[in-house]
Amino acid sequence: MAWFGFKKKVQTTREYDITFFPIFAELSPSEINLVESKVRLFELKKGEFVYRCGEAANAFYLILTGRLRILNDHGDVINHLHPGDYFGETSILTNRNHSVTMEVQNDSIVLKIEKEDFLLLLKEIPSLSLHISRTLGYRLTASNERVLSGEAKIISFTHQRPKIGTSMFAIQMANALSQTTQKKVVLLDLSNLGEISESEQGWKRMKTFLLSKFEFVQTSKIAECVVKDQASFHVLRIASDDSLKDSETKLARVLTFFLSHYQFILIDLPAEITPLIRKAIQQSDIVYYLVDDDDKDTEKSKLMIKDFKDSFGFTQDQIRMVLHAKDDRSIGIESLISFDIHEQTLPVFAVLPKTEQLEGKLAYEPSSFHPIDPNAVYARRVRFLARELSGKTVGLALGSGAAFGYAHVGVLKVLEEEGIEIDLIAASSIGAVMGGMWAAGITADQLVEILRTLNRRTTFFKLFGFHDLSAAHRGFFKGDQVVRFLKQHIDKVTFRDLRIPTKIVATDLATGFPAIFDEGLLLDALRASISIPGIFRPFMWGGKYLIDGGISDPLPVQALNRYGAKKVIAVNVLPSPDDHFKRLEAIQKKRQKINDLVQRKNILTKLFYEQRKKVSNKQSANIFNVLMKTIQFMEYGMAEASSQQADITLHPVVVDAHWAEFFSHEKFVQCGEDETRERIGEIKKLISD
């Protein structure tokens, strides 16, 4: 299977896709070729330095794998960088020596573009130059320490049609950011720029600040209008006199003022895109664009997204399309699965469900400035988005491993008991089944009860069965019986029903690349992800055949990184070569004891034992065992490589166990519990940092 791209080991040659980096994702083929001709790849070990504070700037860098941390001139850590991030451009463009030190936190692979080549790329590729210029502007606006620490962010909220809930979304995001980060948050209300009078929406303390009154050297007037005592965040309502010629400049200076006083500046924008609103968007780091199901793929939305990219230099990850679902089961069939990084339709970043708590409320009335029910689906989604925005999202990667995957349940049980909040799950194969059901609201204890129904007598018939046998040229089993078993617990459950955002990994049989399910029926995603080659038939979806997710990504840490997880806990249940050796030793010792006992028996017992031993030896090389062990040997190496990119990797493996022991859940679950409890201190420290 060496022809599959995912089987290749990372070397210092071009075995990566340059469009992995958001700043290059929207370039044309010719521009990508030009960038690739200037890129050089090199590996760095933990503890090494890319450069030190005070050294001359000679290159631009991008992180492909691993993590780096930024140290100030005193050696204090002020930020962390992850795959997809870049650095070094500020010193080049300002012609200054580096003001910080870049230290490698984990073994990393970094791309390097020499200074002269970087300047040439900016000259030859206008969109790249625009993006870099925007970044440079923000980093020079506030103090170096604040910007480099990643604290100051400007986030805009816009929409296509009025009364879609954008203001309420912005308000709840401000609440969630304030509570999640314990940092200063301000919400700037520009949603009614034409209204110069004080608010008539019930909040008498809500004043309107005119841009014409702003003076950069005298900021007391704007400070007086900021309301600070009605919520966990601060609020300012802004209006503009249309006759003011320098309103755009004034707005930029207002934002500069807030950058020096707040870590998060949220801007609630109207639907009409005026020059002033364009200035607000241009100054933003992130834009949340709220649409409903009917508007998702309209020409207007496509043009808006294109304008964000072309006019403002935004990359795809900076444009967050948020879908406001009309009902709880609003599903866009065209976007059920993504085989590539981007879908053919407009990509949806998140879905906000309909909620009665928001019906009939005016956006800026007093009651709206407090968090809604924290257990409501809407609140959980907003809380996730706030944690993602602030770099505090915790991702859980659950790997493949057949019956060994029952250990995932033990891990989940301890996480539940310890109150560890998981923001995002990515899972393959058996990990997808356990993680998907858990995300659907089935507790760890309930999962144990489900596993308890599988015993030596019933397991084969509940998961396979003779009537599920298939023509062997496609797979020994159709996979219908296991679907019927799962359907009892997650029938009609969609990804939008899940309490935790989840990515289920399958493998495209035609290309060998991962196929990520994150919308549609959960049951379909699980059926695709457990399609073990040779055992189950491939799953047909969207004109493509899908097989087991473990074939392309047995421990989907990269999927978590791609979708915003900053802190990753990985659970690799696949036995290592050392585990296999220990199991073999245990089997040999057990056989030796039995052999010594048999030697003291009569001749008939000895003959029976020898015949049974021959049958057992032949059985160990049956087609099912050969297929599964071959796959798991391959998957372990891939999973081990993926685990290097996780912050914490749990490896709960029962040495004296077999991959097909679906009837022996107790020892696997207990192993998962023991491993997690042993390392719970590390997990809690990771979450709290």
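The residues of the chain are indexed from 1 along the displayed sequence.
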Mind checking salt bridge (Lys or Arg N to Asp or Glu O under 4.0 Å) for Lys112 and listing every partner two or more places apart, or none if nothing turns up?
Glu114
Electrostatic pair Asp285:Lys153 at N-O distance under 4.0 angstrom
no
Among Phe87, Phe21, Tyr86, which residue satisfies the ring pair (Phe, Tyr, Trp, His ring centres under 6.0 Å) criterion with Phe60?
Tyr86
Distance-only side-chain donor-acceptor flag, Tyr262 / His234, under 3.5 Å:
yes
All heavy atoms of Pro514 vs all of Val505, minimum pair found to be CB-CG1, 4.0 Å
Could you tell me which residues satisfy side chain to side chain contact (heavy atoms under 4.5 Å, CB included) with Ser108, sequence neighbours excluded, listed by chain and number?
Leu68, Val104, Val110
Residue list, side chain to side chain contact (heavy atoms under 4.5 Å, CB included) with Ala559, at least two apart or on another chain
Ala426, Pro556
Do Arg387's NZ or CZ and the ring of Phe384 fall within the cation-pi criteria of under 6.0 Å and 45°?
no
Taken in chain and number order and not counting sequence neighbours, the residues that satisfy side-chain hydrogen bond (donor to acceptor under 3.5 Å, both in side chains) with Lys184 are none
Using a strict cut-off of less than 4.0 Å between a Lys/Arg side-chain nitrogen and an Asp/Glu carboxylate oxygen, indicate whether Lys567 and Asp647 qualify as a salt bridge.
no
With sequence neighbours left out, which residue pairs that include part of residues 116-130 fulfil the salt bridge (charged side-chain N to carboxylate O under 4.0 Å, His left out) condition?
Lys38-Asp117
Report yes if some heavy atom in the side chain of Val322 is under 4.5 Å from a heavy atom in the side chain of Val351; otherwise report no.
no
Looking just at side-chain N and O atoms, do Ser30 and Ser28 make a donor-acceptor pair shorter than 3.5 Å?
yes
Kindly say whether the aromatic ring centers of Phe157 and Phe169 come within a distance under 6.0 Å.
yes
Do Phe308 and Val287 come close enough that some side-chain heavy atom pair is under 4.5 Å?
yes
Sort out for me which residue in Leu211, Asp268, Leu236, Leu269 forms a side-chain contact (heavy atoms from CB on, under 4.5 Å) with Leu190.
Leu269
Give a yes or no on this: more than 12 heavy atoms of other residues, nucleotides or ligands lie within 6.0 Å of atom CG of Asp76.
yes
Please enumerate all residues that pass salt bridge (Lys or Arg N to Asp or Glu O under 4.0 Å) together with Glu388, with sequence neighbours excluded.
Arg320
